Number of protein chains: 2
Amino acid sequence: MASNLSHSAQDYLEAIFLLADREGLARVKEVAEHLDVKKPSVVSAIKVLMRKGLVVHQHYGCLELTSEGEELAKEIHRRHQVLYRFLHDILGVKAEVAEADACRIEHHISPQTLELLVKFVDFTESFPERDKTPKWLDYFQRFAATGEAPPCLQDSSRGCGCK
Amino acid sequence: MASNLSHSAQDYLEAIFLLADREGLARVKEVAEHLDVKKPSVVSAIKVLMRKGLVVHQHYGCLELTSEGEELAKEIHRRHQVLYRFLHDILGVKAEVAEADACRIEHHISPQTLELLVKFVDFTESFPERDKTPKWLDYFQRFAATGEAPPCLQDSSRGCGCK
DNA sequence: GGAAAAAGTTAGGCATGCGTAACTTGGCGG
DNA sequence: CCGCCAAGTTACGCATGCCTAACTTTTTCC
């Protein structure tokens, strides 16, 4: 799976993937709107993706991913999702901001960071208690919101093992 | 503090700041080496920074930040540091990789994410126990390394408050 | 003090990625 | 069936940011 794609090419690929997934097929105009660019920019980006065998597209027709393109798009989207979950679900960044940040950051994380982030999100979210939130995360979110220290730090210099 | 700086301009500013901080002054050649670009690239980047009043530099002389440039550089560097601490100290990304990722990501995080990340790192690192590591983080790091679940999840369906 | 080396600069080229303006094409309504 | 309009396309142009090659200036050191 050769990934010699520029950041912008990755964005186009991901957009086509999301649109096709959601509505069955993707069109130039929709991609342009989704990425907030003009149509000629989409066309020239598509040429690159076609040359790499990631997209099929006949003149004046609609856009489809090849299976290789779809694999790659899924991988790209996976990064996006992990980042979003970390930013939104753990850090508590507002949804729209987390979404925008994930878009921009996704192109810049190394495989190692990605995998550790996946583990971190899994570790946090697979916590099995009733309330679905680990205590330390509760404490963090309270701390972030109010500056209030976790309860176990308030009463003595001794830790309580909760953090 | 007008921050209409391109990503690359921010990199140059940060590099000058670090070099000047470390060695008293910065020179074109050093900046070039630090950023792994050629000298003419540095020269043209510096022109931009001079036009914005962030750097002083006389022909064939050495580089200095104005006070405004220094303010900005500190702010940029702060982002970098927070990211590095998160990636390295918490996620456990290898030092060189964390450094490289921080470099690239620093340009793409929103102020909101930055502040929450600061809080997250503070929350984690200001933990006062003897061993300097919160238990949950110990558990995460073990989980990341071995896939092993935290002890409190191994013996029953009941949580233990440690996570 | 002057030549050689090192540092800095300029000129000019290339790739990426976006834009506008002007065009072609495809499909729909009258 | 034909004109019209929206969608798609092409042909530019511009900004950024890097490069190499060739130059000028400064520094070094014999």
Side-chain angles (χ1 to χ4, degrees), chain A residues 2-16 19-20 22-52 54-65 72-73 76 100 103-108, chain B residues 2-16 19-20 22-52 54-65 72-73 76 100 103-108:
Chain A
S3 170
N4 301 322
L5 290 182
S6 67
H7 301 158
S8 119
Q10 293 180 37
D11 285 333
Y12 286 99
L13 196 66
E14 188 181 5
I16 294 169
L19 290 167
R22 194 183 303 158
E23 322 184 7
L25 78 167
R27 296 195 299 170
V28 171
K29 193 200 178 188
E30 296 169 333
V31 174
E33 282 166 359
H34 189 268
L35 294 178
D36 198 28
V37 297
K38 303 298 179 180
K39 291 181 291 172
S41 304
V42 177
V43 172
S44 61
I46 285 170
K47 281 181 187 161
V48 175
L49 297 175
M50 283 174 66
R51 239 180 286 130
K52 304 222 174 195
L54 304 172
V55 160
V56 283
H57 174 223
Q58 39 208 4
H59 249 41
Y60 298 94
C62 50
L63 299 161
E64 229 173 330
L65 297 182
L72 240 155
I76 291 165
C103 269
R104 294 194 309 272
I105 298 171
E106 62 179 301
H107 305 299
H108 301 282
Chain B
S3 170
N4 302 322
L5 290 182
S6 68
H7 302 157
S8 120
Q10 291 180 37
D11 286 333
Y12 286 99
L13 195 66
E14 187 181 6
I16 295 168
L19 290 166
R22 193 185 302 160
E23 322 185 8
L25 78 167
R27 296 196 301 174
V28 169
K29 194 200 178 189
E30 296 169 332
V31 174
E33 283 167 357
H34 188 268
L35 294 178
D36 197 30
V37 296
K38 304 297 179 180
K39 292 182 290 172
S41 305
V42 177
V43 172
S44 62
I46 284 169
K47 281 180 187 163
V48 175
L49 297 175
M50 284 174 65
R51 239 180 286 131
K52 304 222 174 195
L54 303 173
V55 161
V56 284
H57 174 225
Q58 42 208 0
H59 249 42
Y60 298 93
C62 52
L63 298 162
E64 231 174 330
L65 296 182
L72 240 155
I76 290 165
C103 270
R104 294 194 310 271
I105 298 172
E106 62 180 300
H107 305 299
H108 301 282

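All chains are named by letter (A, B, ...) in the order of the sequence lines, taking the proteins before the strands, and each is independently numbered beginning at 1. Note that the coordinates shown come from a computational prediction; the quantities given were computed from them, not determined experimentally.
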Check this one for me: any side-chain N or O of [X] less than 4.0 Å away from OP1 or OP2 of [N]?
X: B:Ser6; N: D:dG17; result: yes
X: B:Lys39; N: C:dG8; result: no
X: B:Ser41; N: D:dG17; result: no
X: A:Lys38; N: D:dG8; result: no
X: A:Ser8; N: C:dT16; result: no
X: B:Ser44; N: D:dC18; result: no
X: A:Tyr60; N: D:dT10; result: no
X: A:His57; N: D:dA7; result: no
X: A:Lys29; N: D:dA7; result: yes

For [X] and [N], give me the distance from atom [atom1] to atom [atom2], rounded to whole Å.
X: B:Tyr12; N: D:dC18; atom1: OH; atom2: C1'; value: 8 Å
X: B:His59; N: C:dG8; atom1: NE2; atom2: P; value: 12 Å
X: B:Glu30; N: C:dA7; atom1: CD; atom2: P; value: 9 Å
X: B:Gln58; N: C:dG8; atom1: CD; atom2: C1'; value: 13 Å
X: A:Leu63; N: D:dA7; atom1: CG; atom2: P; value: 14 Å
X: B:His7; N: D:dA15; atom1: NE2; atom2: C1'; value: 15 Å
X: A:Arg27; N: D:dT9; atom1: CZ; atom2: P; value: 12 Å
X: B:Glu33; N: D:dC18; atom1: CD; atom2: P; value: 16 Å

Indicate the ring-plane relationship of A:His7 and A:His108, choosing parallel, tilted or perpendicular according to the 30° and 60° boundaries. perpendicular

Closest contact, heavy atoms only, [X] versus [Y]:
X: A:Cys62; Y: A:Leu25; answer: SG-CD1, 3.3 Å
X: B:Tyr12; Y: B:Val42; answer: CE2-CA, 3.8 Å
X: A:Lys38; Y: A:Ala32; answer: C-CB, 4.1 Å

Nearest 0.5 Å please: distance from the CD1 atom of A:Ile46 over to the CG atom of A:Leu63. 4.0 Å

